[in-house]
Amino acid sequence: MHPFSKWAAMEDREQLEILTVTTAVGSRPDAEKLARAVIDARLAACVQLDAGLVSIYRWQGQVCEETEIRLTLKTIPEAEPALRTFLGAQHPYDVPQYTCWRAIASPDYAHWVRGEVVMPAGA
């Protein structure tokens, strides 16, 4: 039996869906501040910080090269609108990177993520 076949056979695949969101900031202190704010707001179960990235991009007509920290947030699809709004308000960049995609997680991990994320009132 394939090791993932028990997950594929689960009836409610929606319960296995999580959302992975990425953004980037220019410094470790900014990354830690934003990560802690997201966790404190209970909009993600986990935020991973990846240091040492170099971004080359065009901004206001000039080619720029900057060191950045990538934040990878693990949340639930239902929290995406609230998380997008929160990051838009809290992010230090004028135009922050915001990308997201759905993934199927193991039952234990999906259950943990769902238990850690709390939907804001009125969401």
Side-chain angles (χ1 to χ4, degrees):
M1 177 190 289
H2 190 276
F4 297 115
S5 61
K6 69 177 180 179
W7 300 341
M10 296 184 77
E11 290 181 24
D12 194 0
R13 288 181 53 92
E14 280 186 20
Q15 292 301 306
L16 298 180
E17 273 194 350
I18 64 168
L19 193 70
T20 299
V21 175
T22 64
T23 192
V25 298
S27 71
R28 180 73 182 216
D30 283 348
E32 290 177 2
K33 180 180 177 183
L34 188 56
R36 290 185 193 288
V38 169
I39 295 298
D40 288 346
R42 306 282 311 256
L43 291 173
C46 173
V47 181
Q48 297 168 316
L49 307 180
D50 297 314
L53 300 175
V54 175
S55 293
I56 300 171
Y57 56 95
R58 187 175 308 279
W59 179 251
Q60 298 179 340
Q62 295 185 10
V63 175
C64 303
E65 182 174 327
E66 302 289 339
T67 305
E68 290 187 302
I69 310 287
R70 178 186 303 124
L71 289 79
T72 304
L73 301 84
K74 308 300 177 29
T75 190
I76 57 176
E78 299 86 354
E80 193 275 332
L83 180 58
R84 184 172 11 100
T85 298
F86 184 87
L87 287 176
Q90 299 292 320
H91 203 287
Y93 287 3
D94 292 336
V95 181
Q97 169 199 319
Y98 180 90
T99 58
C100 63
W101 60 94
R102 291 176 185 241
I104 300 298
S106 68
D108 290 342
Y109 190 77
H111 178 74
W112 174 74
V113 170
R114 289 188 173 280
E116 292 300 317
V117 176
V118 175
M119 293 299 296

Legend entry - Distance-only donor-acceptor check, side chains K33 and Q90, under 3.5 Å: no

Inset, instruction - List, by chain and number, the other hydrophobic cluster members for W59, where Ile, Leu, Val, Met, Phe, Trp and Tyr join if side-chain heavy atoms come within less than 4.5 Å, directly or indirectly. - result: Y57, V95

Legend entry - Smallest separation among heavy atoms of A31 and I69, with atom names: CB-CG2, 3.6 Å

Inset, instruction - Can you sort out the partners of R36 under side-chain hydrogen bond (donor to acceptor under 3.5 Å, both in side chains), two or more places apart, ordered by chain and number? - result: none

Legend entry - V117 versus A79, closest heavy-atom pair with distance: CG1-CB, 3.9 Å

Inset, instruction - Flag yes if L53 and L71 sit in one hydrophobic cluster, no otherwise; membership is Ile, Leu, Val, Met, Phe, Trp, Tyr, and two members link when side-chain heavy atoms are under 4.5 Å apart. - result: no

Legend entry - Interatomic spacing from CH2 in W112 to OG in S106 - rounded to 0.5 Å: 11.0 Å

Inset, instruction - Give every residue pair that meets the salt bridge (Lys or Arg N to Asp or Glu O under 4.0 Å) criterion with at least one member in residues 48-68, sequence neighbours excluded. - result: D50-R70

Legend entry - I104 CD1 to Q15 CD distance, which is reported to the nearest 0.5 Å: 11.0 Å

Inset, instruction - Side-chain contact test, heavy atoms from C-beta onward, threshold under 4.5 Å: evaluate it for V38 versus L83 and give yes or no. - result: yes

Legend entry - Within-4.5 Å side-chain heavy-atom neighbours: R114 and E78: yes

Would you mind writing out the side-chain donor-acceptor pairs for residues 16-26 within the sub-3.5 Å range, not counting sequence neighbours?
from : atom 1 : to   : atom 2 : distance (Å)
E17  : OE1    : R102 : NH1    : 2.6
T22  : OG1    : Q97  : NE2    : 2.8
T22  : OG1    : T99  : OG1    : 2.4
T23  : OG1    : H91  : NE2    : 3.0
T23  : OG1    : Q97  : O      : 2.6

Inset, instruction - Return the set of residues passing ring pair (Phe, Tyr, Trp, His ring centres under 6.0 Å) with Y98 (not counting sequence neighbours), or none when no residue passes. - result: none

Legend entry - Partners passing side-chain contact (heavy atoms from CB on, under 4.5 Å) against R42 (at least two apart in sequence or in another chain): E116, V118

Inset, instruction - Specify the closest pair of heavy atoms between A35 and V47, including all atoms of both residues, with the distance to one decimal. - result: CB-CG1, 3.6 Å

Legend entry - Heavy-atom side-chain proximity of E80 to T75 below 4.5 angstrom: no

Inset, instruction - Would you name the heavy atoms of P92 and D30 that are closest together and state the gap between them? - result: CG-OD2, 4.0 Å

Inset, instruction - Check whether I39 and V113 end up in the same hydrophobic cluster, where Ile, Leu, Val, Met, Phe, Trp and Tyr are linked by side-chain heavy atoms less than 4.5 Å apart. - result: no

Inset, instruction - For A41, enumerate each residue passing the side-chain contact (heavy atoms from CB on, under 4.5 Å) test, keeping only those at least two apart in sequence or located in another chain. - result: L43, F86

Legend entry - For the student: nearest non-hydrogen atoms of M119 and I76, plus distance: SD-CD1, 4.2 Å

